[in-house]
Amino acid sequence: MTARLVSMLVALALCLSLVYVLVPPSARPVRAATTWYVNPGESIQDAVDSASPGDTIILGDGLFTDNVNVAKAVTIQSEHGAAATTVQAANRDDDVFCVTADGVNISGLTVRDATGWLFAGISLMNVSHCTISGNSLISNCAGIQLENSDSNTLIGNYLSANWYYGIRIAGSDGNTVSGNTFSDTGYYGLDLGSESSENVIAGNVFTHSGLYVSARHNTVEDNTVNGKPLVYLEGVSGATVTGPDVGQVILVDCDRITVDGLTLDSTTVGIELWNTVNSTVKNNIINWSTYAINLHESTCNLLTKNTLGSYFGIYLALAESNVITENDVLDSAYAMESWLSVNNTIYLNNFRFTYGCSTEENLLNFPRQLTYEYDGSTRVGYMGNYWGNYYGNDVDGDGIGDTPYSMGGSQQDNYPLMQPFENYSISPVEHPIIRSVLPSQGAQGQTLTVVISGQYLDGAANVDFGPGITVNSLTFNSMQLNGLDQITINITIDTSAALELRDVSVTTPYGTGTKAGGFAVVEAASKRPSRGKHVGKLGMSTGHNADLIAIVATAA
């Protein structure tokens, strides 16, 4: 080999090495995605284990029996759609598909029979950017569930006869659930659970199913329940929901809402109030649902004159200071159930067929004696509720049982009615009269305790200070001061609440009493001029502790 040829070869080698160095790895040829075909009788799990991220696994027509862990970003789909390809659980106490990798797509399959508690047809666990589409999820505990999974898409799936959940979302944000069909789900159609926000629930169809919510900051729109619109309100004040064209009502972070005169049936929950205050639910008929009315973390609401027949007639969870009266609860597994709910006033209701009931630390009678007519005689006494399985005696014939109705432990109705409440003619109770509000002012951004004194305040369902002031809790004080009733209220004044005098209103089942100009919102201390400058806000004088000045308002 000549010296010239050797030099040329060396130069060529150097050029090739420079080309290799200068071309980045991302620009080099990549492995083409592989498509894997799996037939009935073969293992889907083996195909997933053999595949690489980006590959597609196609399942042929027929029945597969498997539990599949999907720990890489692959696509799993049927060849000819969900009607042709079924994957059933080999182990019912495991998910059929458990997805633990981002970017997984599962489509066009019938997935069934993961019936063990909290197992699902398809579970997404701590993942994002997955798409679950066009599947039929049948006869699972949960059809699809998301746990701590964000930014996924569930679209165009059919969910039927899943015995506990159609779709369960827990601790998951930013997901899109749209165009899905829910049918005949046992308890919850779609459970939008706690610590889940920024999810979009849109364009779904619920039949004999519905939505349950225990979260905020989500978008819920254009969904139907049994062919009627699902009404979802979040952060709304002062609205009324009525009319025949309503399939379900969900209120989240709402204030002063009236839900009146609806007929609802066969849904997850007929009317749900979550963290909602000062609202009224009346004259509704709700049947064949998991919950007829559910109050969750809700305060100072009135439930009255509703006819209810569902698995749970009235359910209270972390609910305080609500008034429940003159409701007719029909054949329900649990006429009324209470969980960590206290200071609710529950009286003059019919619990006709009561298989179970729990009320915890709540008052089961009107807090003062009523005048009523029973069996042709006028009488005065305390009145509780009618219980279909109360078998006590009424020796004196006053219509009130001689012994309490016991629900186990210390829970009891001391004044059970012998007949349904409609058999008693009760004399009108005076509407509330407000004599004073102390303190009579509070600053923007402040949370404080206010005491309202007056007459006929017992049975108070809600107290209203106007927009921008939230009532956190309400307690009626049975002890009277100088012949006056008292209500103790904890309120929070929004930082943007209008600086003005407010009317204060107290609502009981027998009317509303208002104190004109009973409370004022003043500027926060940090916004006020320094001491020595004149302050004329609302025409009030200020002192060293302006937030604590109390102006006693007495009735004219």
Side-chain angles (χ1 to χ4, degrees), residues 89 92-93 95 111-123 136-147 154 157-172 177 180-194 196 199 201 204-215 220 223-226 230 232 247-250 252 264-274 286-297 308-319 329-340 355-358:
R92 294 171 183 266
D93 290 322
D95 303 312
V111 183
R112 60 180 305 146
D113 297 339
T115 55
W117 174 241
L118 282 188
F119 291 106
I122 301 174
S123 281
S136 292
L137 290 306
I138 300 172
S139 298
N140 304 283
C141 176
I144 302 171
Q145 66 178 351
L146 280 65
E147 290 193 11
L154 314 181
N157 300 286
Y158 174 75
L159 304 110
S160 178
N162 298 289
W163 72 265
Y164 210 83
Y165 300 99
I167 294 178
R168 173 177 173 259
I169 299 176
S172 300
V177 181
N180 301 284
T181 299
F182 298 79
S183 176
D184 297 298
T185 299
Y187 290 91
Y188 301 89
L190 196 165
D191 181 23
L192 186 53
S194 60
S196 298
N199 297 286
I201 313 298
N204 300 286
V205 175
F206 296 91
T207 302
H208 300 160
S209 185
L211 175 66
Y212 186 84
V213 175
S214 51
V220 179
N223 303 282
T224 63
V225 175
N226 299 320
L230 188 163
Y232 177 91
Q248 185 183 4
V249 179
I250 308 287
V252 175
L264 310 171
D265 60 63
S266 301
T267 183
T268 296
V269 52
I271 300 171
E272 180 187 0
L273 280 63
W274 191 81
I286 308 172
N287 290 304
W288 306 110
S289 300
T290 303
Y291 306 94
I293 299 176
N294 184 302
L295 269 61
H296 193 161
E297 298 184 37
L308 312 172
S310 295
Y311 189 79
F312 293 100
I314 297 171
Y315 191 88
L316 308 176
L318 298 166
V329 184
L330 306 175
D331 193 358
S332 300
Y334 296 88
M336 180 173 57
E337 185 74 4
S338 174
W339 180 70
L340 299 180
Y355 306 119
C357 186
S358 169

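Just so you know, these numbers use all the heavy atoms, side chains as well, and skip hydrogens, waters and symmetry mates.
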Side chains of Leu190 and Ile201 in contact at under 4.5 Å (non-hydrogen atoms):
yes
Contact check, side chains of Leu308 and Leu330, non-hydrogen atoms, under 4.5 Å:
no
Test item: [X] side-chain N/O and [Y] main-chain N/O as donor-acceptor pair under 3.5 Å:
| X | Y | answer |
| --- | --- | --- |
| Asn226 | His208 | yes |
| Ser289 | Thr268 | no |
| Glu272 | Val213 | yes |
| Ser196 | Ser172 | yes |
| Asn204 | Thr224 | no |
| Glu337 | Ile314 | no |
| Asn180 | Asn157 | yes |
| Asn162 | Thr185 | no |
| Trp163 | Thr115 | yes |

Heavy-atom closest contact ([X] atom, [Y] atom, distance):
| X | Y | result |
| --- | --- | --- |
| Gly193 | Ala215 | O-CB, 3.2 Å |
| Cys141 | Gly116 | CB-O, 3.2 Å |
| Arg168 | Ala170 | NH2-CB, 3.9 Å |
| Ala114 | Asp95 | CB-CA, 4.4 Å |
| Ala319 | Leu295 | CB-O, 3.8 Å |
| Val329 | Gly313 | CG1-CA, 4.1 Å |

Check against side chain to side chain contact (heavy atoms under 4.5 Å, CB included), Leu318 and Trp339
CA-CA 6 Å; Leu318 298 166; Trp339 180 70; 3.8 Å; yes
Could you measure the distance from the [atom1] atom of [X] to the [atom2] atom of [Y]? Nearest 0.5 Å is fine.
| X | Y | atom1 | atom2 | value |
| --- | --- | --- | --- | --- |
| Asn294 | Phe312 | CG | CZ | 9.5 Å |
| Leu146 | Asp191 | CG | CG | 11.5 Å |
| Ile169 | Gln145 | CD1 | CD | 11.0 Å |
| Leu264 | Ile286 | CG | CD1 | 5.0 Å |
| Gln248 | Ser266 | CD | OG | 11.5 Å |
| Asn287 | Ser310 | CG | OG | 6.0 Å |

After noting the C-alpha distance and the side-chain angles of Glu297 and Trp274, does the key distance pass the side chain to side chain contact (heavy atoms under 4.5 Å, CB included) rule?
CA-CA 6 Å; Glu297 298 184 37; Trp274 191 81; 4.1 Å; yes
Please indicate whether Trp288 has more than 12 foreign heavy atoms, meaning atoms of other residues, nucleotides or ligands, lying under 6.0 Å from its CH2.
no
According to the interplanar angle, ranging from 0 to 90°, do the rings of Tyr165 and Trp117 count as parallel (below 30°), tilted (30 to 60°) or perpendicular (above 60°)?
tilted
Ring geometry between Tyr187 and Tyr311 (parallel below 30°, tilted from 30 to 60°, perpendicular above 60°):
perpendicular
Test applied, side-chain contact (heavy atoms from CB on, under 4.5 Å); reference residue, Phe182; option that passes from Leu211, Asn223, Ile167, Val225
Ile167
When the ring centroid of Tyr291 is compared with that of Tyr212, is the distance short of 6.0 Å?
yes
Could you go through His296 and Ser214, starting from their C-alpha distance and side-chain angles, then the distance that decides it, and tell me whether this counts as side chain to side chain contact (heavy atoms under 4.5 Å, CB included)?
CA-CA 8 Å; His296 193 161; Ser214 51; 4.1 Å; yes
